[in-house]
Protein chains: 2
Amino acid sequence: MGKLILDKGPKLVDVANAAGVSKGTASNVFNRPEIVSKEVRERVLAAAASIGYSGPDPKGRLLSAGKVNAIGVATVEPLGYFFTDPFARVLMTGITEACDANGTGISLVSAANEDELIWNVRNALVDGFILFCLEGAERLIDLSRERQLPFVALAFGHRDETISVVAVDNVEGARVAARHMAELGHRDFAVLAMEFQEGGFGRATPERIARSTFSASGDRVKGYLDELASWNIDTSSIPIFETLAGEATVHPALEELFSSPTPPTALLAQSDRIAFIALDWLRARGISVPGDVSVIGFDGVPECERSTPPLTTIQQPIAEIGRRAVKAILDHGHEVWRETLDVELAVRKSTAPPPARRIR
Amino acid sequence: MGKLILDKGPKLVDVANAAGVSKGTASNVFNRPEIVSKEVRERVLAAAASIGYSGPDPKGRLLSAGKVNAIGVATVEPLGYFFTDPFARVLMTGITEACDANGTGISLVSAANEDELIWNVRNALVDGFILFCLEGAERLIDLSRERQLPFVALAFGHRDETISVVAVDNVEGARVAARHMAELGHRDFAVLAMEFQEGGFGRATPERIARSTFSASGDRVKGYLDELASWNIDTSSIPIFETLAGEATVHPALEELFSSPTPPTALLAQSDRIAFIALDWLRARGISVPGDVSVIGFDGVPECERSTPPLTTIQQPIAEIGRRAVKAILDHGHEVWRETLDVELAVRKSTAPPPARRIR
DNA sequence: GCGTATCTTTGAACCGGTTCAAAACCTTCA
DNA sequence: TGAAGGTTTTGAACCGGTTCAAAGATACGC
């Protein structure tokens, strides 16, 4: 039947035997050559070469070493998300920087489907996880906790005080956004929000917002309304639309808003992505931004500078979040590490005072 | 001194003891629960829960399983390269797609410095490597070969016939580029090439090109010249500048070319990146593209559509290269797998017939 | 009551290394 | 010649699981 025996490749013990030394000594030759006598060292190396052994297999080392020297970055999205989504990319830049500085590798773990996610998180060979918490945050967090490895949740603040989180102050960021609009003179607002609960969209009631599972969206609404209330604006009449940051859910919201006799002059978008969709829709409708309506985003992805018009937004320190997350894992391990970073208003061309006829 | 004993966490054997079963049975409970009697299964699970054991550690499994279920993507650049470089990003998109489809993870391995590269490649926990061969390809290939894992080299064709490669036909691509220009009527060419040898730049002699270590750049020159020769153009007088795809080396080349009394009307850039730099420089100089000079790139990164003017280029099937590379590793393992994909001419706005006064 | 077929569980071998206390070996010096 | 001191090497224990042939248990048919 020919050569069916697949050569399993030589192991350290084979080298040791071939060189006539103990396994311990052979191991030392590869890891701490300086403590082995030159003579023996050369003999072992020669033996290794002659039987085709090219150094210890990391799989073996791993078990006793304990450390993998890599951190896992996990999300519920397909893996491509890390390379296509603007926010993710900038974040990854920060993560990679910190990892490079520490000589740590990166493992991308994701999931095409639920089962895979579970398998991937359970079996990822990593020393810790950075969780990209979009939707499905709960699952991801539960699974990570099961692994009993250090992990830190990102981007989405999470109400659970027992897990490590690196995030921005969403309430404050939203306040700044609303204040910017109010200072420009706007009084007619509408909010294009992210999901409050898994898969939700459409006009949102205060109750739904209060019960939001995704704290970022809830917090941002709170920030907007708190600030506007301080300007004596009747916040109860501000329409809030929940969206999935896709055209399918953003367009209907805009449709409804701008078919009103008094459409908003200020659009508070909870993410740049939503804002871009709005910008496109408004342009297609011939509604001028910022002439007729001002739009402000949230996040500060690089694309803001290239949109038409360039998007005014709340700039998150995206890369810094990534760097801090790595630090949290590497330096703080299992200890609960919660960090809140500051955001900044980045004024571009999508905001201006409301049209003269609408100033109240 | 308080609790200095760090709890090493319960192991499978602890669970087995606690439940009064053998290690083998305990293992089965987690991996093939269906072959264990319900009664025992529940007892083991209960024992696990009570001592805080949450499933087998993948580090342990790894050794006997053999497969990591992840492939490594290696480059000599810092890790951030994967997320910032346009070519790399598209490539990674293809790689991730194929990995997702196979339930395979991705490990990014890179190197801040030489030592780290060595350590990383030697110790990466992966089932195979995809090598992003830019400069330093040799090192990377040698190191990968040492690991005795399947690996495939990308993008840069490599002359060594014994390694697996997924690449495009650089000679043919370059011919197509040159033909496009020739068909438009151009007769005065200049080539902005990539490195022929590590770190090289400046006007390149035929000898240097012939000795090029990086075959892609050499092959592309060959393609350009072969094609132009067939149009009865004196290829020996075509200036060829080696660059590092940065302004520092591209600008001087352009400076020299366009200070000549008869500057080229057709610029053959060996990469889009070089072409973009040329576009910027030409615009700054007030030289019209494609009015005064036509520019064609190579690669086909998405940015081509957004440059001013949009760049005519040779489109590589970048994502497909990534997909094939994964397939090569996963389906063909150690067998030598060489694949050459076709490129396509993508005509945009940076090429046009030469200025009337220059038609010969 | 007993042999047989089926279902469970066991226990030892194995995956490929690292580690470290103790043993062996070498020098040096009184 | 022997004790002290330094340098190498050894070998067993360990890292945390998986696997599989064989033993043990249980059910079934006659």
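Lettering of chains follows the sequences in order, A, B, ..., and the numbering in each one begins at 1. Everything numeric here is computed off the predicted structure, so don't read it as measured data.
- At distances below 3.5 Å, at least one donor-acceptor pair connects side-chain atoms of A:Thr96 with backbone N or O atoms of A:Met92.
- Without hydrogens or angle criteria, A:Glu77 side chain to A:Tyr81 main chain gives no donor-acceptor distance under 3.5 Å.
- Remark: P of C:dT9 and CG of B:Asn28 are 9 Å apart, rounded to the nearest angstrom.
- Across all strands shown, B:Val13 has no heavy atoms under 4.0 Å from either base or sugar-phosphate atoms.
- Atom CD in B:Glu34 sits roughly 10 Å away from atom P in C:dT8 (whole-Å rounding).
- Put simply, CD1 on B:Ile35 is 12 Å from P on C:dT10, counting in whole angstrom units.
- Rounding to whole angstrom units, CD of residue A:Glu42 and C1' of D:dT9 are separated by 17 Å.
- Between the NZ atom of B:Lys38 and the P atom of C:dT9 there is a distance of 13 Å, given to the nearest Å.
- One finds no side-chain N or O of B:Ser22 lying less than 4.0 angstrom from the OP1 or OP2 phosphate oxygen of C:dT9.
- Of the possible polar contacts, none joining the B:Asn28 side chain to the B:Val36 backbone as a donor-acceptor pair under 3.5 Å is found.
- Residue pairs satisfying the salt bridge (charged side-chain N to carboxylate O under 4.0 Å, His left out) criterion with at least one member in residues 116-128 of chain A, sequence neighbours excluded, are listed as follows: A:Lys67-A:Asp127, A:Arg122-A:Glu146.
- A:Asp14 places none of its side-chain heavy atoms less than 4.5 Å from the side chain of A:Tyr53.
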Please produce a list of atom pairs where a protein N or O lies less than 3.5 Å from an N or O of nucleotides 12-16 of chain C.
| residue | atom | partner | partner atom | Å |
| --- | --- | --- | --- | --- |
| C:dC15 | OP2 | A:Lys11 | NZ | 2.9 |
| C:dC15 | O2 | B:Ser64 | N | 3.4 |
| C:dG16 | OP1 | A:Lys8 | NZ | 3.1 |
| C:dG16 | OP2 | A:Lys11 | NZ | 3.4 |
| C:dG16 | N2 | A:Gly60 | O | 3.1 |

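- Two residues, B:Ser37 and A:Ala65, neighbour DNA chain C, and the one matched to the more 5' nucleotide by heavy-atom proximity is B:Ser37.
- A salt bridge does not link A:Arg43 to A:Glu39: none of the charged side-chain nitrogens sits closer than 4.0 Å to a carboxylate oxygen.
- Taking atom CZ of residue A:Arg147 and atom P of nucleotide D:dG17, one finds them 11 Å apart after rounding to whole Å.
- Taking only side-chain nitrogens and oxygens, A:Ser27 comes nearer than 4.0 Å to OP1 or OP2 of C:dT18.
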